Amino acid sequence: MARAPVRKILVPVDLSRRDVETVDYAIALALQLGAELWLFSVIDSPTKLYLIQSQPAEHKKDEGFNARVVEDAKVLLRRLVDRATQKGVQAFGHAVVSERPDREIPREAQERGVDLILFGDREHGLLSRLFFGDTTEEVLEKAPCPVLVVKHRDRR
């Protein structure tokens with residue numbers, strides 16, 4: 001019997017509200033393919049800023065700052081994993097702290113032996129791309145497997 005072409009799907013998430021649509025698409029795809037999901041977050045400066053903005057009173061600059069940010073990320077990641085599990089998909093979550101998501105995502109894909117990386121389309125402005133780069137494009141060049149970029153409906 002031939003092996004299914006896609007058994008593991010890696011979904012990079014930045015833990016913002018925009019991830020729900022991407023994760024829901026990945027869940028539907030995983031259900032159709034009988035695949036498992038690996039939700040992966042690289043906690044970089046933009047992710048830290050989002051987490052700080054979502055709970056500003058809890059993030060004071062001290063020695064426990066990074067630990068609290070990582071704990072917040074784990075809670076949000078756990079919610080996404082639970083969302084997939086509730087819909088019948090075997091899902092796992094993992095996060096790392098790094099300023100180089102373009103390196104961490106391909107490394108994670110290689111380590112986990114995933115068959116597909118699924119990105120949600122992010123419409124970042126020119127200024128954001130200049131400062132932070134375009135992770136999706138960089139991962140496309142380095143990925144050890146196919147990459148699927150899902151364009152979501154315009155919400156205007």
Side-chain angles (χ1 to χ4, degrees), residues 4-30 33 35-56 59 61 64-84 89-155:
V6 178
R7 295 182 304 150
K8 292 182 182 180
I9 302 170
L10 180 70
V11 184
V13 293
D14 65 5
L15 303 174
S16 69
R17 289 186 183 100
R18 300 174 301 197
D19 284 330
V20 172
E21 195 170 4
T22 301
V23 170
D24 283 347
Y25 187 92
I27 290 168
L29 183 62
L33 300 173
E36 59 189 36
L37 288 182
W38 288 84
L39 304 174
F40 180 60
S41 181
V42 178
I43 303 168
D44 58 0
S45 293
T47 301
K48 286 179 186 177
L49 287 173
Y50 170 76
L51 293 170
I52 292 166
Q53 289 171 344
S54 67
Q55 298 176 350
H59 294 287
K61 194 74 170 169
F65 172 76
N66 277 333
R68 280 195 304 280
V69 169
V70 170
E71 285 306 310
D72 288 350
K74 286 180 181 178
V75 168
L76 294 172
L77 195 54
R78 179 81 242 162
R79 288 180 190 157
L80 293 172
V81 168
D82 289 346
R83 186 177 186 90
V89 172
Q90 187 174 14
F92 306 91
H94 182 65
V96 297
V97 177
S98 173
E99 291 301 323
R100 296 300 307 261
D102 61 310
R103 289 184 185 160
E104 296 296 334
I105 294 166
R107 184 197 54 74
E108 184 76 7
Q110 184 74 40
E111 278 186 21
R112 301 287 176 206
V114 301
D115 305 299
L116 178 70
I117 299 172
L118 188 148
F119 274 99
D121 183 31
R122 304 261 192 261
E123 291 189 19
H124 294 300
L126 179 60
L127 190 59
S128 176
R129 277 196 214 130
L130 286 174
F131 283 111
F132 301 114
D134 189 351
T135 300
T136 305
E137 281 184 33
E138 293 175 29
V139 170
L140 276 168
E141 292 177 18
K142 300 173 186 170
C145 61
V147 177
L148 173 64
V149 180
V150 179
K151 183 165 177 67
H152 298 300
R153 289 183 224 108
D154 190 7
R155 295 185 189 109

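These values consider heavy atoms only, across backbone and side chains, with no hydrogens, waters or symmetry-generated copies. In what follows, residues are counted from 1 in the order of the sequence shown. These numbers were taken from a predicted model, which means no experiment stands behind them.
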Checklist line | All salt bridge (Lys or Arg N to Asp or Glu O under 4.0 Å) counterparts of Arg100, not counting sequence neighbours | finding: Asp102

Note to self: Can you list everything that forms a ring-ring contact (aromatic ring centres under 6.0 Å, His included) with Phe92? Sequence neighbours excluded, please.
What the structure shows: Trp38

Notebook entry, point to check: Do the side chain of Lys8 and the main chain of Arg112 share a donor and acceptor less than 3.5 angstrom apart?
Noted result: yes

Next item on the list: Kindly write out the residues that satisfy salt bridge (Lys or Arg N to Asp or Glu O under 4.0 Å) with Glu36, not counting sequence neighbours, or none if the list is empty.
Entry: none

Notebook entry, point to check: So, for Leu15 and Ala73, which heavy atoms are closest and what is the spacing to 0.1 Å?
Noted result: CD1-CB, 3.4 Å

Margin query: Can a donor-acceptor pair be found, under 3.5 Å and without considering hydrogens, that links the side chain of Asp19 to the backbone of Asp14?
Written below: yes

Note to self: Run the side-chain hydrogen bond (donor to acceptor under 3.5 Å, both in side chains) test against Glu111 and tell me which residues pass, sequence neighbours left out.
What the structure shows: Arg107

Check: Closest approach of Thr22 and Phe119, non-hydrogen atoms and distance?
Finding: CG2-C, 4.2 Å

Next item on the list: List the steps, then state whether side-chain contact (heavy atoms from CB on, under 4.5 Å) holds for Leu37 with Ile27.
Entry: CA-CA 8 Å; Leu37 288 182; Ile27 290 168; 3.8 Å; yes

Checklist line | Residues forming a side chain to side chain contact (heavy atoms under 4.5 Å, CB included) with Pro144, sequence neighbours excluded | finding: Pro106, Ala109, Gln110

Next item on the list: Kindly give the heavy-atom pair with the smallest separation between Val11 and Ala26, and that separation in Å.
Entry: CG2-CB, 3.6 Å

Next item on the list: Could you pull out all residues at least two apart from Arg78 that satisfy side-chain hydrogen bond (donor to acceptor under 3.5 Å, both in side chains)?
Entry: Asp82

Margin query: Test of understanding: with salt bridge (Lys or Arg N to Asp or Glu O under 4.0 Å), list the residues that count as partners of Asp24, not counting sequence neighbours.
Written below: Arg83, Lys87

